[in-house]
Student: 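The structure is given below, and queries will be raised subsequently.
Only heavy atoms go into these numbers, but all of them, side chains included; no hydrogens, no water, no symmetry mates. As the structure is a computational prediction, the values presented were derived from the model and not from experiment. Every chain is numbered from 1, with letters handed out A, B, ... down the list of sequences.
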Amino acid sequence: MKKCLDGRYLVFTRYPDGIDGKWFYQKDCPAHAPSWIKTQAHVSQGGKRTINYVTGADAATLAWLGNQACIEVHSWLSRTRNLLHPDWAVFDLDPAPPAGFAEAVHTAWLLKDLLDDLNLSSCVKTSGGAGLHVYVPVRPIYTYQQTRDFVHAIGRILQKRHPDHITLQRPVAQRTGKVYIDYLQNGAGKTMAAPYSPRPLARAPVSVPLTWSMLTSHKTVYGITNVEEWLGRGDEAFWSVLCSRQVLPALR
DNA sequence: GCGGTAC
DNA sequence: GTACCGCAACGCTAC
DNA sequence: GTAGCG
């Protein structure tokens with residue numbers, strides 16, 4: 001089966017001095033990296049810079065990255081063969097205190113119900129923080145503008161139905177106590193934390209794919225720290241949904 | 001973490 | 001030798 | 001235009 005990071009540009013955050021020390025993003029694979037790391041040259045838009053993005057992450061690559069003190073792995077929403085056409089439309093659900101994980105779970109279920117009504121498949125993973133990521137697989141025939149408009153439109157419907165619980169407002173101050181649906185993550189060059197990416201926080205929480213039936217506000221879901229416990233449970237279903245590449249209905 | 005540069 | 005430095009960077013939204 | 005946001 002095609003892995004969900006195959007052919008995707010990856011971006012890393014590195015913490016050579018630990019999570020409390022200096023950190024930095026890294027996009028450009030260093031020249032001294034082993035030759036078996038898969039990369040692809042990419043000319044950045046506007047700026048006349050070429051970046052050799054790491055594409056895909058097999059076990060050996062992840063091991064090398066780990067030794068480079070990479071903690072977070074972020075990936076593009078499109079793949080190298082079709083960079084302008086994402087194959088994931090993503091809903092980034094970000095609860096603003098005092099809203100938390102339970103509110104994100106509630107919003108995710110509202111979203112799933114709406115997507116079900118539209119006959120669209122979807123899957124969910126924790127962000128590793130208090131939020132959730134909901135993915136709708138799409139055939140790579142839409143532009144980022146189109147998937148962004150789609151996620152925006154769905155977000156507006158939910159926000160209108162549940163104005164006290166959901167917001168699309170950018171300014172942080174206007175999100176207090178609500179779940180922010182960040183539709184703007186659907187854009188060229190934007191990235192999402194990859195499945196199983198750790199976060200640079202105490203106890204190293206991980207972004208974990210879940211089956212919908214596993215998604216409850218129970219403690220055992222929120223703040224997962226032990227990846228092994230979950231391997232072979234949620235991931236297979238998650239990846240099979242991601243690989244289904246269901247077509248979005250007509251976007252207007 | 002590590003290569004590149006400046007002293 | 002050792003000290004310091006870079007390691008991303010842009011579109012979209014709100015004001 | 002500039003600042004905020006991710």
Student: For residues 23-38 of chain A, please give each side-chain donor-acceptor pair under 3.5 Å, one per line with the distance, not counting sequence neighbours.
Tutor:
{"from": "A/Q26", "atom 1": "OE1", "to": "A/R14", "atom 2": "NH1", "distance (Å)": "2.8"}
{"from": "A/Q26", "atom 1": "NE2", "to": "A/D28", "atom 2": "O", "distance (Å)": "3.2"}
{"from": "A/D28", "atom 1": "OD1", "to": "A/N52", "atom 2": "N", "distance (Å)": "2.7"}

Student: Would you indicate which nucleotide in C/dA14, D/dG6, C/dA9 comes nearest to any side-chain atom of A/R49?
Tutor: C/dA9
Student: Could you report the tightest heavy-atom contact between A/S122 and A/V136, atom names first, then the distance?
Tutor: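 Minimum heavy-atom contact is CB-CG2, 4.2 Å.
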Student: Starting from P on D/dG6, measure out to CG on A/L93 and report it in whole angstrom.
Tutor: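 Result: 14 Å.
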Student: How would you label the contact of A/V11 with the nucleic acid (heavy atoms, under 4.0 Å): base, sugar-phosphate, or nothing?
Tutor: nothing
Student: Can you check the A/H152 NE2 to C/dG11 C1' distance for me, whole Å?
Tutor: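 Rounded to whole Å, this separation is 15 Å.
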Student: Residues from residues 18-29 of chain A sitting under 4.0 Å of DNA chain D, heavy atoms only?
Tutor: none
Student: Are A/H165 and A/V179 side-chain neighbours, meaning at least one heavy-atom pair lies under 4.5 Å?
Tutor: no
Student: For D/dG6 and C/dC7, measure between their P atoms and round to the nearest Å.
Tutor: 24 Å
Student: Nearest to the side chain of A/H32, which nucleotide is it out of C/dA14, D/dG6, B/dG3?
Tutor: B/dG3
Student: Parallel, tilted or perpendicular: which fits the ring planes of A/Y183 and A/H152, with parallel below 30° and perpendicular above 60°?
Tutor: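 Judged by the thresholds at 30° and 60°, the geometry between A/Y183 and A/H152 is parallel.
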Student: Rounding to the closest angstrom, what is the interatomic distance between D/dC5 and C/dA8 at atom C1'?
Tutor: 16 Å
Student: Would you say a side-chain N or O of A/Y183 is under 4.0 Å from OP1 or OP2 of C/dT13?
Tutor: yes
Student: How long is the line joining CZ of A/R14 and P of C/dC7, in whole Å?
Tutor: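 Answer to the nearest Å: 13 Å.
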Student: Start with the C-alpha gap between A/H42 and A/W76, add the side-chain angles, then the distance that decides, and say whether ring-ring contact (aromatic ring centres under 6.0 Å, His included) holds.
Tutor: CA-CA 13 Å; A/H42 178 82; A/W76 279 40; 5.5 Å; yes
Student: Within the structure shown, what part of the strands sits under 4.0 Å from A/N67 by heavy-atom distance: base, sugar-phosphate, or nothing?
Tutor: sugar-phosphate
Student: Please test A/T191 against A/Y9 for side-chain hydrogen bond (donor to acceptor under 3.5 Å, both in side chains), starting from the C-alpha separation and ending with a verdict.
Tutor: CA-CA 9 Å; A/T191 60; A/Y9 288 165; over 6 Å; no
Student: May I have the distance from A/Y9 (atom OH) to C/dA9 (atom P), rounded to whole angstrom?
Tutor: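 In whole Å, C/dA9 P and A/Y9 OH are 13 Å from each other.
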Student: For A/I181 and C/dT13, what is the distance between atoms CD1 and P respectively, to the nearest whole Å?
Tutor: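 Going from A/I181 (CD1) to C/dT13 (P), I get 16 Å.
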Student: Mind calculating the distance between CZ (A/F12) and P (C/dC7) to the nearest angstrom?
Tutor: 17 Å
Student: Looking for any heavy atom pair under 4.0 Å, which part of the strands does A/Y53 touch: base, sugar-phosphate only, or nothing?
Tutor: nothing
Student: I need the CG-P distance between A/N52 and C/dA8, as an integer number of Å.
Tutor: 11 Å
Student: For nucleotides C/dC10 and B/dC2, find the distance between their C1' atoms and express it as a whole number of Å.
Tutor: 28 Å
Student: Closest heavy-atom contact between A/P86 and A/T143?
Tutor: CD-C, 4.0 Å
Student: Between C/dA8, C/dC12, B/dG1, spot the one nearest the side chain of A/I51, thanks.
Tutor: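 Closest of the options to the side chain of A/I51: C/dA8.
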Student: By nearest atom, which of the nucleotides D/dG6, C/dC12, C/dC15 is closest to the A/L184 side chain?
Tutor: C/dC12
Student: Over 60° means perpendicular and under 30° means parallel, so tell me whether A/H106 and A/H162 are parallel, tilted or perpendicular.
Tutor: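 Geometry flag for A/H162 against A/H106: perpendicular rings.
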Student: Looking only at side-chain N and O atoms, does A/Q174 come under 4.0 Å of OP1 or OP2 in C/dC15?
Tutor: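 A/Q174 to C/dC15 OP1/OP2: side-chain N or O found under 4.0 Å.
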Student: Distance criterion of 3.5 Å, no angle test: do you see the side chain of A/R170 paired donor-to-acceptor with the base of D/dC5?
Tutor: yes
Student: Send over the distance from A/D182 CG to D/dC5 P, rounded to a whole Å.
Tutor: 12 Å
